Structures are given as structure tokens and as C-alpha cells.
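Both ligands and their constituent atoms are indexed starting at 1 by order of listing. FYI, the numbering just counts along the sequence from 1. Source: prediction; values computed, not measured.
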Amino acid sequence: MNAILNRKSIRKYKDINVSDEIVEELLRAGMAAPSAVNEQPWEFIVLRDKEVMKKITEVHPYSQMLLNATVAIVVCGDESKEMFKGFWIQDCSAATENILIAAEEKGLGAVWLGVYPIAERVDAIKEILNLPASVIPLSIIPVGYPDEKKVAADRFNKTRIHYDRW
Ligand SMILES: Cc1cc2nc3c(=O)[nH]c(=O)nc-3n(C[C@H](O)[C@H](O)[C@H](O)COP(=O)(O)O)c2cc1C
């Protein structure tokens with residue numbers, strides 16, 4: 001509960017490396033997500049190349065924080081691995097959220113950058129990352145040690161809860 005409730009979007013990062021071991025733990029959290037009929041359609045691209053990150057900032061208008069992130073994870077869905085059409089979006093969203101929660105728990109800062117379903121972003125990022133035709137980028141998660149202090153919002157709202165019927 002602590003990691004879930006304290007998670008917030010962090011967009012400023014210190015110039016400190018996030019180790020490969022920590023990145024692997026984040027990916028382990030991502031792959032622990034539930035998926036439809038356990039299809040696990042995800043693929044992850046770990047970005048450390050600043051040139052590649054810069055290219056992404058040129059095609060994604062709300063991704064400038066990539067320029068000071070030491071690492072970023074692109075969460076993709078492979079439609080060829082799907083057993084139920086369209087569920088890759090939910091599967092990969094669950095993986096994305098797991099990574100964000102794991103990052104919070106490890107004292108890291110991260111943010112979900114939306115890619116799919118905006119066609120221009122999907123196409124441009126597919127090209128930059130040389131993704132196969134069936135692999136679609138859903139989100140990008142820049143990760144780093146936080147260089148901003150933020151308190152997570154309490155969004156609990158009883159009026160959004162309905163019992164048995166609307
Ligand atoms: C599907 C999705 C797409 C998002 N895309 C972006 C984005 O492109 N750039 C960005 O800075 N934040 C993005 N965010 C982060 C939201 O702005 C953020 O989650 C929201 O403002 C709530 O703040 P919090 O994460 O600190 O609780 C995205 C979040 C989601 C779930």
C-alpha cells in the first residue's frame with residue numbers, strides 16, 4: 001500500500017546512474033503483471049543511449065524529461081503473441097503500472113509517457129527503435145533518482161463507488 005499510495009509522476013532526475021541490477025528488478029515487476037489468459041504479450045526496450053532518447057523527444061511532445069533520465073523503459077505489446085485480440089493494451093498497462101510502483105518502492109522517480117494509441121507517436125517510435133511490425137509501443141517510462149520533491153495526491157473519492165447497481 002505504501003508504494004501504491006506514494007507513487008507520483010517524477011519528471012526531474014539527478015545525474016546518478018540507475019544500475020542494470022535495479023533495472024532488472026523493475027522489469028521483473030513489469031513481467032509479474034497479470035495478463036489475459038496469461039498471454040504475456042509484452043516486450044521491453046531498455047534505453048540508455050542519449051541519442052535515441054533525444055530522437056524520441058523530437059516526436060513525443062511531452063517527453064522532455066527523457067533528456068535527464070539515466071535510463072528509460074519502453075513497454076511494448078507484441079500482437080503476434082496475443083491470444084485475445086486487443087487485450088495487449090491492458091496487459092501492458094498493468095506491466096507499466098507495476099514498474100512505476102516498483103520504482104517508487106526503490107526510491108526512484110518515474111513517469112508514464114503515453115504512446116499508444118496516438119498513431120504519429122507509435123509510428124515514429126517504431127521507426128526510431130527499429131521495432132518489428134507486430135510490436136507496438138504502449139508507454140515509455142523514464143527512470144532516475146528524484147530531483148524534485150512531490151507528495152502523492154490522495155484521490156480516494158467515495159462518490160465514485162457504487163454498490164451492486166449504479
Ligand atoms: C496513459 C498515460 C499517459 C501519460 N502521458 C504522459 C506524458 O506524455 N507526459 C507526462 O509528462 N506525463 C504523462 N502521464 C502522467 C500523468 O500526467 C500523471 O499520471 C497525472 O498527471 C497524475 O499525476 P501523478 O502520476 O503524479 O499521480 C501519463 C499518464 C498516463 C496514465
Side-chain angles (χ1 to χ4, degrees), residues 1-15 18 22-23 26-27 29-36 41-79 82 86-129 131 135-161:
M1 283 302 275
N2 281 343
I4 292 170
L5 295 179
N6 287 323
R7 185 216 57 81
K8 60 264 171 197
S9 295
I10 295 291
R11 300 181 175 84
K12 294 191 176 123
Y13 316 103
K14 291 186 175 143
D15 190 17
V18 177
I22 289 180
V23 172
L26 298 180
L27 295 170
M31 293 187 216
S35 62
W42 38 64
E43 299 283 344
F44 302 89
I45 320 282
V46 177
L47 301 181
R48 289 201 184 267
D49 185 331
K50 280 283 149 203
E51 277 305 305
V52 173
M53 295 205 212
K54 187 164 178 299
K55 279 188 188 158
I56 292 177
T57 64
E58 287 159 10
V59 299
H60 188 308
Y62 310 108
S63 66
Q64 297 312 306
M65 69 297 277
L66 275 171
L67 298 174
N68 61 47
T70 61
V71 64
I73 298 168
V74 186
V75 182
C76 304
D78 185 346
E79 284 186 310
E82 270 193 305
F87 275 103
W88 72 269
I89 300 158
Q90 290 145 87
D91 302 336
C92 292
S93 296
T96 301
E97 177 67 358
N98 268 14
I99 292 172
L100 294 177
I101 294 166
E104 171 65 39
E105 198 270 338
K106 296 198 166 301
L108 293 161
V111 58
W112 179 328
L113 305 184
V115 179
Y116 183 88
I118 298 180
E120 309 87 77
R121 292 184 199 169
V122 169
D123 293 346
I125 289 165
K126 271 178 87 114
E127 179 150 344
I128 292 167
L129 301 179
L131 301 180
V135 176
I136 304 169
L138 176 102
S139 64
I140 303 173
I141 312 171
V143 181
Y145 289 93
D147 199 19
E148 61 178 324
K149 288 234 180 304
K150 279 175 82 177
V151 178
D154 180 356
R155 302 196 180 105
F156 185 68
N157 179 350
K158 282 193 170 169
T159 70
R160 297 292 182 94
I161 306 170

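- For ligand 1, the atoms lying closer than 4.0 Å to a non-hydrogen atom of Arg155 are 22 (C), 23 (O), 24 (P), 27 (O).
- With 3.5 Å as the limit, one finds a donor-acceptor pair spanning the side chains of Ser139 and Thr96.
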Is there a salt bridge (charged side-chain N to carboxylate O under 4.0 Å, His left out) between Arg7 and Glu105? Walk through the geometry before answering. CA-CA 8 Å; Arg7 185 216 57 81; Glu105 198 270 338; over 6 Å; no

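- Annotation: salt bridge (charged side-chain N to carboxylate O under 4.0 Å, His left out) contacts of Lys14 (sequence neighbours excluded): none.
- Comparing heavy-atom distances from atom 16 (C) of ligand 1 across Arg11, Arg121, Arg7, Lys8 singles out Arg11 as nearest.
- For ligand 1, the atoms lying closer than 4.0 Å to a non-hydrogen atom of Gly114 are 3 (C), 4 (C), 5 (N), 6 (C), 8 (O).
- Applying the 4.0 Å criterion to heavy atoms of Met65 picks out, from ligand 1, the atoms 11 (O).
- Within a 4.0 Å radius of atom 20 (C) of ligand 1, the protein has no heavy atom.
- Between His60 and Tyr62, the ring-plane angle classifies as perpendicular under the 30° and 60° cut-offs.
- Counting only heavy atoms of the protein, atom 13 (C) of ligand 1 lies nearest to Trp112 O, 2.9 Å.
- The nearest heavy-atom contact from the protein to atom 9 (N) of ligand 1 is Tyr62 O, 3.0 Å.
- For atom 7 (C) of ligand 1, the nearest non-hydrogen atom of the protein is Leu113 CD2, 3.6 Å.
- Residue pairs meeting the salt bridge (charged side-chain N to carboxylate O under 4.0 Å, His left out) criterion with at least one member in residues 50-74, sequence neighbours excluded, are Lys54-Glu58.
- With Tyr13 as the fixed residue, the side-chain contact (heavy atoms from CB on, under 4.5 Å) test singles out one of Val143, Val18, Val111: Val111.
- Residue-ligand proximity, His60 to ligand 1, at heavy-atom distances under 4.0 Å covers atoms 8 (O).
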